[in-house]
Amino acid sequence: MADIEKGSSSSDPSASDDLTDLAPVISPELRKEYEDAGVPLSVSPSQPEDPEDPVLLERVRTAMSIASETVGTPKALEQTKSGKPLPAFGGGKPYPPLVGNREAYVVEFDGPDDPTHPQNFPFLKKAKIMSVLGFSTFTAAWGSSIFSSATAEIAEKFHVSNVVALLGMSLYVLGFASGPLVWAPFSELSGRRKPIIVGMLGFSIFNLAVARAYDLQTVLICRFFAGFFGASCLTVVPAAFSDIFGNRWRGTAMVIFSAAVFCGPLMAPVVGGFIAASYLKWRWTEYLTMIMGWASFIIIVLFIDETYAPAVLIEKASLIRRATGNWSIHARQEQVELNFRELIEKNFTRPVRMLYSEPILLLITIYTAFVYGILYLLLECYPIIFIEGYGMSSTVGMLPYMGMIVGQLLGCGVVLLFEPRVLRAIAANGNRPVPEARLEPTMIGGFLFPIGMFWLTWCGAYHEHVHWMAPTAAGVFIGSGIILIFLTCITYLVESYLMFAASAVAANTVLRSGFGAGFPLFATAMFHNLGTQWAGTLLGCLGLLLAPVPILFYKYGKRLRKASKYAPNI
């Protein structure tokens, strides 16, 4: 029986590629935390033993995704530990003898060039995965704001104020805040494909429920759950991109993801405004979102393969088991069982601990939460400027959002222009990440954003004398600033915390989504009571106050990471 206990405890899911490969670069404090949790950190025999091996280092960098930390541990034989007897084997048969070398039955990849490893997928297959998952992310982000074009009609139909009607958008974004706590561990246990499929299925169903709702409470509740299920894409897609792309293309993949996250909420009101003003009315804003959701669900089911390396090995082990009839063959991930204590610790307690104990995480989270809240606040600010101020119709008044979309696309281009500089810094650092190198575009965005806010609101406040193109052009600066800040800051967090990136981004997502949900609720009152120019001045000054944050981390970030309990030494 002692052998059974030994065999049970010797295999840990955290000994999968993502964690064992990180052993050469972790700090002593980080090593101790894993060892206290029973996680072996020696390099797996199936991996190159040379810590400078380029393939090993490439796998290390691939592990830097927001879902890189496995939640779940192999369940110990608690009955044996407590002295209770095991149940009878059944059928009158005794317990069979244990297998010899258990490690010999664990399926691995066949070297660094194994074509089944997600990083070795053909480029066209990677492009297909990136396109499909990018569209799914765009759809989930689209659903958050298309509701804003229907709030006036909903307020009139259900006899409530516009602020109450706006709860439909705020609750959706709150679903974004709560969803990652489920979808992140789900993806770590079962792979990326299943949570995205389940998420898009639930997203489509609840958007149908909103479209068919005949009372306000049904609309609000179903909007929340639509956001909850839609959060699967926002949570899992970055991890899927990190599964298949290494250093050279990861930055490009994250740019595409961020463009989908930020362009979706701005394009949706433009389309939704024309739908709500037509004979189709507000319900068809939700029907359209539902159709996009079902389209995403179908193409994911038909065309997307699993990208999570441990889950790919599960499929490989299943194939070999059935072909050989040897049921001892298994993948290391199949030893994982969900442990609710670990789930609570890693997905609830640790993000909170990190948020108040890590100055890097706290300040970056406040900064990204602020600009994310501004994104949704502008969905209420623009109608005040262009519909109330310039007297545009409810449809034409949504078109100025295109200025922000152009700005965001330009911001994505700026990030891509900085990629060669980042890659050179990584090469000079021994092919290990240099998180601070990601912050150079952030510093540019930190000043573009407040400039755009001052420009937009002061021109918009004097609409009698200023042409509408002037505040529309300001959106280029705002959009560029927001995307430069958000995209680079999130990448900085991921590369700063490596194995704990999931917890860092979970803390960031919860606070960020809280800002995104709350800002639209006070936007109208703020702009009406303070005046457009002074409300914009307040927000622009707050942006200027936060602008030095990336500059400080660019200069002192490495020193802070060395003093951190959670950041590895790189």
Side-chain angles (χ1 to χ4, degrees), residues 12-14 18-19 22-23 25-39 41 63-73 174 176-189 231 234-235 238-239 336 338-370 372 433 435-436 489-517 546 549 552-553 556-570:
D12 192 289
S14 299
D18 283 352
L19 293 182
L22 290 165
V25 297
I26 66 170
S27 63
E29 295 82 3
L30 198 57
R31 179 186 294 275
K32 185 177 185 304
E33 178 151 348
Y34 275 112
E35 289 175 348
D36 291 345
V39 178
L41 287 169
M64 294 181 291
S65 68
I66 64 170
S68 63
E69 185 184 2
T70 301
V71 176
T73 58
L174 282 179
F176 280 173
S178 55
L181 301 177
V182 173
W183 304 117
F186 188 4
S187 74
E188 293 158 354
L189 290 168
L234 275 68
T235 306
V336 175
L338 184 62
N339 185 307
F340 285 100
R341 182 178 62 82
E342 294 284 329
L343 183 66
I344 291 173
E345 177 185 347
K346 292 183 179 180
N347 281 75
F348 290 90
T349 308
R350 181 176 290 153
V352 174
R353 291 203 314 265
M354 290 180 67
L355 189 61
Y356 70 74
S357 66
E358 294 287 311
I360 291 175
L361 178 60
L362 178 61
L363 288 177
I364 291 293
T365 295
I366 291 173
Y367 199 11
T368 55
F370 174 71
Y372 194 74
E436 286 71 33
C489 282
I490 293 298
T491 308
Y492 176 67
L493 286 182
V494 170
E495 294 194 347
S496 292
Y497 291 102
L498 293 179
M499 297 86 78
F500 290 108
S503 296
V505 177
N508 180 278
T509 300
V510 171
L511 187 60
R512 170 165 48 91
S513 298
F515 275 51
L546 292 169
V549 169
L552 293 174
F553 286 133
Y556 302 109
K558 186 173 183 178
R559 189 182 307 174
L560 288 171
R561 287 189 288 108
K562 286 184 177 180
S564 170
K565 175 184 176 182
Y566 296 97
N569 291 328
I570 51 176

Should [X] and [Y] count as side-chain neighbours, where that means a heavy-atom distance under 4.5 Å?
{"X": "Tyr356", "Y": "Val352", "result": "yes"}
{"X": "Ser564", "Y": "Ile360", "result": "no"}
{"X": "Arg561", "Y": "Tyr497", "result": "no"}

Which residues pass the side-chain contact (heavy atoms from CB on, under 4.5 Å) test with [X], sequence neighbours left out?
{"X": "Leu355", "value": "Leu361, Leu362, Thr365, Ala507"}
{"X": "Leu552", "value": "Tyr556"}
{"X": "Thr491", "value": "Arg438, Leu487, Glu495"}

Rounded to the nearest 0.5 Å, what separates atom [atom1] in [X] from atom [atom2] in [Y]?
{"X": "Ile366", "Y": "Cys489", "atom1": "CD1", "atom2": "SG", "answer": "12.0 Å"}
{"X": "Phe186", "Y": "Trp183", "atom1": "CZ", "atom2": "CH2", "answer": "6.5 Å"}
{"X": "Phe176", "Y": "Leu234", "atom1": "CZ", "atom2": "CG", "answer": "5.0 Å"}
{"X": "Asn508", "Y": "Leu493", "atom1": "CG", "atom2": "CG", "answer": "5.5 Å"}
{"X": "Leu560", "Y": "Glu436", "atom1": "CG", "atom2": "CD", "answer": "9.0 Å"}
{"X": "Thr509", "Y": "Tyr372", "atom1": "OG1", "atom2": "OH", "answer": "8.5 Å"}

Give the minimum heavy-atom separation between Phe553 and Tyr492, together with the two atoms involved.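 Reported closest heavy-atom pair: CB-OH, 3.8 Å.
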
What is the minimum heavy-atom distance between Pro180 and Ala177, and which atoms define it?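 Reported closest heavy-atom pair: CD-O, 3.5 Å.
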
